[in-house]
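For ligands, and for the atoms within them, numbers begin at 1 and follow the listed sequence.
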Amino acid sequence: MAKIITVQKGTKDILPTEIDSWHFIENAANEVFSNAGYKEIRTPIFEATELFARGVGDTTDIVNKEMYTFEKSERSLTLRPENTAGVVRSYIENGMHRLSAPVKLWYKGPMFRYERPQAGRQRQFHQVGMEMFGIAQPTADAEAISLAVNYLNKIGLNDLDVEINTLGCPTCREEYKKKLKEVLKPYLSELCPDCQKRYEKNPLRLLDCKVEECKAIYEKPEVKKVITSDFVCPECHEHFESVKRYLNILKIKYTVNKLLVRGLDYYNRTVFEIKSNNLGSQNAVCGGGRYDSLVKNLGGEDTPAVGFAMGMERLISLIPKQNENKLDAYVVSTNIEETLKLVSTLRNAGIKVDFDMTSKKFTKQLEKASKLAKYALILGEDEIANGKISVKNLEKSEQVTLKINELKEYLFNCQI
Ligand code: HAM
């Protein structure tokens, strides 16, 4: 029979040899987010297609080119390409606006985007992220950025670049888009086909085009002057200044990148990305920002919000490989009845223990024990007859014989 294999383009198994690294970053997320008052939320992996079309924006690449959409019972459904829209949907549907603000939620899980697979970019990938609802003040933006940095530090990533920008509010942004279009008009025919479409539909997205010819146009003095202008209104300006002030107080190093516009349509005011020099072209480990209109656009009450998400595969590729410690103990015995009882008692006491299910020879079992465990618990017929057990420290090759009822305490004292 022919073998069935994974859909290799952009999907991957996470194997037992890698899982300790996943547990490490997941446990750290639980700890760091819980310490800051966030509660985990788990939303469905597929949602109504309209949620993403309205939420993420129907001019974005994600919605236009990258969604896994399918029909079921005459409904159009989509595997979530990101989780902000789903969390907002859940916030509205479950009446979370009635809770006292801020409502702080975090999540982890798989996302799906039909992108061209390459290093750091998969079609099924995982994100860990947070969303905070109900705070319009710049403290929330600074808290989100500092939470991201704290989490990255917690998993040992200290050498990363934080980039921030402000996209202003719909009013000041409109004016900016107009100016941008005006100055780019003479170059329209020289822009890449995608940028020509963006010029009409979403001119802000022109700024993060990666095509060299387009990048060169954005470097032209008259274009650069518009891009680097401080276009935002006084309120948005003050908001951004406060975010920067708070980041300075928190000693978070950042640079302002005027080209940072993000690939999703829901943002206003602060946007940010955290990048690593060790990731090649897909160098963003984290992306986020403020999105004050999304809750209303998806049918909820007017609610300010801010959040971010990180690509977990990218995090894993940056941290040293984690390896869980060995088993605490391995029972070496040919008496299966006594072994079953002992293993069950020790596991119930929280001791990590395993045993040989096939009653192999003692020497074979000892060999296996020294590969897998810190201690071998030797239960020979003599020991059983005398109510005793021999405990061999496999690292130091030292052995003691104890009464069986002293074993648990002995193992705990060994600080297994
Ligand atoms: P995003 O920038 O599209 O933002 O994704 C966030 C992060 O997910 C990226 O920085 C990257 O690390 C990772 N990522 C994205 N696409 C892929 C892929 N194809 N393969 C591997 N990793 C990937 C969002 O998704 C927003 N929902 C973030 C947000 C939350 N904004 C506000 N709240």
Side-chain angles (χ1 to χ4, degrees), residues 9-12 14 25 33 38 41 43 47 51-52 55-57 60-63 65-68 79-91 103-133 140-141 143-145 147-148 151-152 155 157 160-165 167 205 208 260-276 278-295 298 303-318:
K9 277 206 154 181
T11 72
K12 258 190 182 170
I14 298 171
I25 63 170
F33 294 135
Y38 289 75
I41 182 166
T43 59
E47 300 263 6
L51 173 68
F52 303 111
V56 177
T60 59
D61 285 352
I62 293 182
V63 170
K65 303 184 192 162
E66 297 170 4
M67 296 214 296
Y68 282 90
L79 298 182
R80 61 184 188 193
E82 59 100 58
N83 210 22
T84 308
V87 171
V88 171
R89 196 257 322 123
S90 177
Y91 173 88
V103 175
K104 293 170 145 190
L105 306 170
W106 78 274
Y107 52 83
K108 60 175 192 290
M111 311 291 155
F112 306 83
R113 294 185 193 175
Y114 188 72
E115 295 189 272
R116 194 170 56 79
Q118 54 178 280
R121 195 195 265 171
Q122 289 179 211
R123 290 182 171 171
Q124 175 173 343
F125 62 99
H126 297 75
Q127 283 185 341
V128 57
M130 58 68 89
E131 314 294 346
M132 182 193 340
F133 298 94
D141 316 40
E143 142 114 345
I145 297 170
L147 191 66
Y151 172 63
L152 292 165
I155 61 171
L157 301 177
L160 298 167
D161 300 323
V162 179
E163 294 186 357
I164 61 172
N165 193 17
L167 302 180
R205 290 277 289 133
D208 72 351
L260 182 67
V261 288
R262 307 275 300 129
L264 307 98
D265 274 355
Y266 45 63
Y267 295 111
N268 64 299
R269 292 195 165 165
T270 318
V271 286
F272 58 94
E273 283 189 355
I274 304 181
K275 295 178 178 168
S276 161
N278 300 323
L279 275 180
S281 65
Q282 300 304 313
N283 63 351
V285 288
C286 174
R290 177 169 279 286
Y291 51 95
D292 292 334
S293 313
L294 186 59
V295 179
L298 291 177
T303 310
V306 59
F308 67 74
M310 302 186 185
M312 296 174 81
E313 283 77 4
R314 295 188 192 177
L315 298 178
I316 299 272
S317 72
L318 289 171

### Message
I need the nearest protein heavy-atom contact for atom 20 (N) of ligand 1: residue, atom name and distance, please.
### Response
Gln122 N, 3.0 Å
### Query
atom 13 (C) of ligand 1: which protein heavy atom is closest, and how many Å away?
Gly311 CA, 3.5 Å
### Query
Any nitrogen or oxygen of Glu313, main chain or side chain, under 3.5 Å from a nitrogen or oxygen of ligand 1?
no
### Message
Students should be able to answer this: which protein heavy-atom is nearest to atom 14 (N) of ligand 1, and at what distance?
### Response
Phe125 CE1, 3.5 Å
### Flag side-chain contact, heavy atom, 4.5 Å: Met67 against Arg113
no
#### Entry: Under 4.0 Å to a heavy atom of Ala309 - the qualifying atoms of ligand 1, by number
6 (C), 7 (C), 28 (C), 29 (C), 30 (C)
### Query
Roughly how far apart are Cys286 SG and Leu157 CG, rounded to 0.5 Å?
11.5 Å
### Query
Mind checking whether Val128 and Ile25 have side chains closer than 4.5 Å, heavy atoms only?
no
### Query
Hey, is ligand 1 close enough to Tyr267 that some N/O pair sits below 3.5 Å?
yes
### Donor-acceptor contact below 3.5 Å, side chain Gln127 vs main chain Gly129
no
### Message
Against ligand 1, does Gly120 come closer than 4.0 Å with any heavy atom?
### Response
yes
### Message
Using a plain distance cutoff, I'd like to know if Tyr291 has any nitrogen or oxygen under 3.5 Å from a nitrogen or oxygen of ligand 1.
### Response
no
### Query
Which heavy atom of the protein is the closest neighbour of atom 26 (C) of ligand 1, given with residue, atom name and distance?
Tyr266 OH, 3.3 Å
### Query
When you measure from atom 27 (N) of ligand 1 to every protein heavy atom, which one gives the shortest distance, and what is it?
Glu82 OE1, 2.6 Å
### Summary
Interatomic distance, CG@Leu152 vs CG@Leu318, rounded to 0.5 Å, equals 9.0 Å
### Task
Considering only non-hydrogen protein atoms, determine which one is nearest to atom 33 (N) of ligand 1 and report residue, atom name and distance to 0.1 Å.
Glu131 OE1, 2.8 Å
### Task
Work out whether the distance between some heavy atom of Arg262 and some atom of ligand 1 is less than 4.0 Å.
yes
### Message
Taking the basic N atoms (NZ, or NE/NH1/NH2) and the acidic carboxylate oxygens, is any pair closer than 4.0 Å for Asp161 and Lys275?
### Response
no
### Whether Phe308 and Phe272 hold their rings parallel, tilted or perpendicular, with breakpoints at 30° and 60°
perpendicular
### Message
What verdict does the salt bridge (Lys or Arg N to Asp or Glu O under 4.0 Å) test give for Lys65 and Glu115, after you've listed the backbone C-alpha separation in whole Å, the side-chain angles of each residue and the deciding distance to 0.1 Å?
### Response
CA-CA 8 Å; Lys65 303 184 192 162; Glu115 295 189 272; over 6 Å; no
### Message
Checking the side chain of Arg80 only, and the main-chain atoms of Glu47 only, is there a donor and an acceptor separated by less than 3.5 Å?
### Response
no
### Task
Identify the protein heavy atom lying closest to atom 9 (C) of ligand 1, giving its residue, its atom name and the separation to 0.1 Å.
Ala284 O, 4.1 Å
### Query
Numbering the atoms of ligand 1 from 1, which are under 4.0 Å from a heavy atom of Phe308?
29 (C), 30 (C), 32 (C), 33 (N)
### Query
Between Glu66 and Arg123, is there a side-chain N and carboxylate O pair less than 4.0 Å apart?
no
### Query
For ligand 1, is there an N or O atom under 3.5 Å from any N or O atom of Arg113?
yes
### Summary
Among non-hydrogen protein atoms, atom 8 (O) of ligand 1 lies closest to Gln127 NE2, 3.1 Å
### Task
Report yes or no: does Gly129 have a heavy atom closer than 4.0 Å to ligand 1?
no
### Message
If you measure every N or O of Gly288 against every N or O of ligand 1, does any of those distances drop under 3.5 Å?
### Response
no
### Task
Using non-hydrogen atoms of the residue, decide whether Arg121 is closer than 4.0 angstrom to ligand 1.
yes
### Task
Kindly say whether the aromatic ring centers of Trp106 and Tyr38 come within a distance under 6.0 Å.
no
### Message
Do Ile145 and Ile164 have side chains that approach each other closer than 4.5 Å (heavy atoms only, starting at C-beta)?
### Response
yes
## Note on the structure
Taking only non-hydrogen atoms of Gly287 and a 4.0 Å limit, the atoms of ligand 1 in range are 10 (O), 28 (C), 29 (C)
